Amino acid sequence: MSAKNPFKDQQSHFLTKKLLPYALYALVPLIFIRLYLYPIPLVQSQRSQEDLQNNPIIITSSPSLPSPAVQEKKSKPNEIPCDYFKGKWVPDKLGPLYNGTTCSTIKDGQNCITHGRPDMGYLYWRWKPKQCKLPRFNPSTFLQLLKNKHLVFVGDSMARNQLESLLCLVSSVALPNLVYSNGEENKFRRWNIPSHNINVSIYWSPFLVKGSEKSNEFNYNKLLLDSVDDRWAADMDHFDMMVLSVGHWFLHPAVYYDKDVLLGCHYCPDLNYTEIGFYDVFRKAFDTTLKAITDGRGNNAIDVIVTTFSPAHFEGEWDKAGACPKKEPFKEGEKEVQWMDAEMRKIEVEEVEKAKKNSAKLPGLRFEALDVTKLSIMRPDGHPGPYMNPFPFADGVKDRVQNDCVHWCLPGPIDTWNEILLQIVQRWEIQSSRVS
Ligand SMILES: *[C@@H]1O[C@H](CO)[C@@H](O)[C@H](O)[C@H]1NC(C)=O
Ligand SMILES: *[C@@H]1O[C@H](CO)[C@@H](O)[C@H](O)[C@H]1NC(C)=O
Ligand SMILES: *[C@@H]1O[C@H](CO)[C@@H](O)[C@H](O)[C@H]1NC(C)=O
């Protein structure tokens, strides 16, 4: 980021007490616009995009990784919804189902082991919910449940992070073939798992609703809160299951419209619009999105899962060593979900509950929150930090080093999100087999 802070001169008269928190949230993520969109390619990734388009993903066999079939006794799926918000991280000897060598789909910036992260302790924990058991991810069960379905991730780079975890988790049993890739940074991609006739897609849509990302011409994101983003909505009747994951992009400076009427902005001191923050905007974006899915799916049945807000863990400046230096999870009670993290999660959970109520009498629609906020905030140790780039300290510790304390290492804590995703899908399956 350039040394000049674009807000510095205009700040003092603009910030009232009420607006200060919003402004603070806006400043940290500003630098991340670059990270989200243009991860600086210090080293060319081994496989170019073209290469990926022409060749299916190659995954080397991994005889010493525990086979999911034998790793665990069959545990009974949870029939009652479990509150995954309550729980703690406990040590786990087994470790991850994959690594950067056995799975080739890991995005460069999240491939921590391959980038030289020396400590491995962060891989040996599992989330223990208070009310239920959370079994290890079973790829075979997942593939069975998703058979003949199209699973779609819609959102920002956290959606991508979760998707890439999922592809690695299933790849120990079935190889996903990349069949479509489009857009800068592979923002729109589709894989096919021929053995089970499963398609998995990702659609870039950091606001879910229509809008545009900031550009050289206009330094603000622009959101049209009354209509959904066509880039995914146009394909909706081909979706069977959607995972929506957004949040961090709402913290960035933006202007907001509803039915062509200017509502106001977030952090736009040079525009003289009313500051309205981003909480109501975030809620409205979900309201519009979940309604659009309810109304727009035609005769198609759709399951919708909303992954809740995943907190960042910056402790210092993002471009200094030690921005997220922890090597272990927080202990139970050591860290609570509060302030902005709590508010973002609450909005998502409430909007999902509202959508459930509104669609209760409609066949073929199911909504669920994938409540990862608490288990994620407890994992300050799970981010790439400086290992977003390969071997950041090869020439000694430098004055400046980029840190990613937002996304998650693969393998890493985000694999747990997909363990819970599998539990949700399993519970739905049990319920629908009862009904029919
Ligand atoms: C990845 O897993 C494979 C198979 O278990 C193992 O041989 C390899 O050493 C692992 N690589 C790393 C970097 O841990
Ligand atoms: C997956 O995609 C292929 C190619 O577009 C299509 O022929 C097939 O019907 C799709 N299957 C599912 C389950 O969506
Ligand atoms: C900013 O908006 C206020 C209220 O609408 C208006 O009175 C004022 O003239 C505007 N200032 C500028 C510089 O446009």
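Model, not experiment: these values are computed from the prediction. As a basis for the values below, the full set of heavy atoms in this structure was taken, side chains included, without hydrogen atoms, waters or symmetry mates. Order of appearance sets the numbers: ligands from 1, and atoms from 1 within every ligand.
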Ligand 2 versus [X], non-hydrogen atoms closer than 4.0 Å: side chain, backbone, both, neither?
X: Asp240; result: neither
X: Lys149; result: backbone
X: Asn148; result: backbone

May I ask you to check whether Asn199 and Asn192 show a side-chain donor-acceptor distance below 3.5 Å?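 Note: Asn199 and Asn192 side chains meet the donor-acceptor criterion.
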Any side-chain donor near an acceptor of the partner, Thr308 and Thr373, under 3.5 Å: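 Yes - a donor-acceptor pair under 3.5 Å links their side chains.
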Can you figure out which of Ile193, Asn199, Asn197 has its heavy atom closest to atom 6 (C) of ligand 2?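 Heavy atom nearest to atom 6 (C) of ligand 2 belongs to Asn199.
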Quick check: His252 with Tyr267 (ring centres under 6.0 Å apart)?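 No.
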Are the ring centres of His238 and His150 closer than 6.0 Å?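 They do not qualify: ring centres at least 6.0 Å apart.
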Kindly state if atom 11 (N) of ligand 2 has a protein heavy atom within a strict 4.0 Å cut-off, that is, under 4.0 Å?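 Given the 4.0 Å limit, the answer for atom 11 (N) of ligand 2 is yes, a protein heavy atom qualifies.
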Would you say atom 2 (O) of ligand 2 has a protein heavy atom nearer than 4.0 Å?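 Protein heavy atom within 4.0 Å of atom 2 (O) of ligand 2: present.
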Is the shortest side-chain N to carboxylate O distance from Lys374 to Glu336 below 4.0 Å?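 Salt bridge between Lys374 and Glu336, a charged N being under 4.0 Å from a carboxylate O: yes.
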